[in-house]
Amino acid sequence: MRLIWRLFMIRETERLILRKFRNDDAKRVTDLLQDKRISDTTQNIPYPYTEQMAIDWIGMHGVWFANKHSYTLAVVLKDTHELIGTSSR
C-alpha cells in the first residue's frame, strides 16, 4: 500500500503538478485530442477522439496500475490548474 500511495501522490515543481486523472478531466482530454496531428503521431489514439473515449481511458488507469501494467498522471499548470498533457510509465 505504501508504494501505491507514493506513486499516486501529487508531485509538484515550480510550474507543474503531476496528479491522478479525474473524471472531470475528460472534456479537456477530448479537446486536446481534436488535433489530428496527435493521432497521426501516436499509435493508440484514434481520430476523432470522443469524450466517452476519454472517460473510458481515465477509468482504466486504476486497473492498469493494479495489474502493474502502467500508471498515468495528468500534467497540470500549477498557476491555472489547466491540464496540458500526460506522463506515463
The reported gap from CD1 in Ile55 to CZ in Phe21 (rounded to nearest 0.5 angstrom) is 13.5 Å
Under a 4.5 Å cut-off applied to non-hydrogen side-chain atoms, are Pro46 and Met53 in contact? yes
Query raised in the report: Would you say the side chain of Tyr47 lies within less than 4.5 Å of the side chain of Ile38, judging by non-hydrogen atoms?
Result: no
Are side-chain heavy atoms of Asp25 and Arg19 found at a separation under 4.5 Å? yes
Rounded to the nearest 0.5 angstrom, the CG-CG distance for Leu83 and Leu32 is 6.0 Å
For this session: Can you establish whether the number of heavy atoms outside Asn23 located under 6.0 Å from its atom CG is more than 12?
Result: no
Worksheet entry | Residue pair Leu16 / Leu77, side-chain heavy-atom distance below 4.5 Å | yes
So CZ of Arg11 and OG of Ser87: to nearest 0.5 Å the spacing works out to 11.0 Å
CZ (Phe65) and NZ (Lys20) are apart, to the nearest 0.5 Å, by 9.5 Å
* Asked: Where do Arg15 and Asp79 land on the side-chain contact (heavy atoms from CB on, under 4.5 Å) test, with the steps shown first?
  -> CA-CA 7 Å; Arg15 287 187 334 109; Asp79 58 346; over 6 Å; no
d(Ile58 CD1, Arg22 CZ) to nearest 0.5 Å is 10.0 Å
Checking the side chain of Thr42 only, and the main-chain atoms of Ile45 only, is there a donor and an acceptor separated by less than 3.5 Å? no
By salt bridge (charged side-chain N to carboxylate O under 4.0 Å, His left out), Asp35 pairs with (sequence neighbours left out) Arg37
When rounded to the nearest 0.5 Å, the distance separating OG of Ser88 from NE2 of His61 is 8.0 Å
**Study point:** Lys78 atom NZ, neighbour heavy-atom count above 12 within 6.0 Å
**Key:** yes
Q | Donor-acceptor under 3.5 Å (Gln34 side chain, Pro48 main chain) | A | no
So salt bridge (Lys or Arg N to Asp or Glu O under 4.0 Å) across residues 50-61, not counting sequence neighbours, yields none
Exam field: side chain Thr86 to backbone Leu73, donor-acceptor pair closer than 3.5 Å:
yes
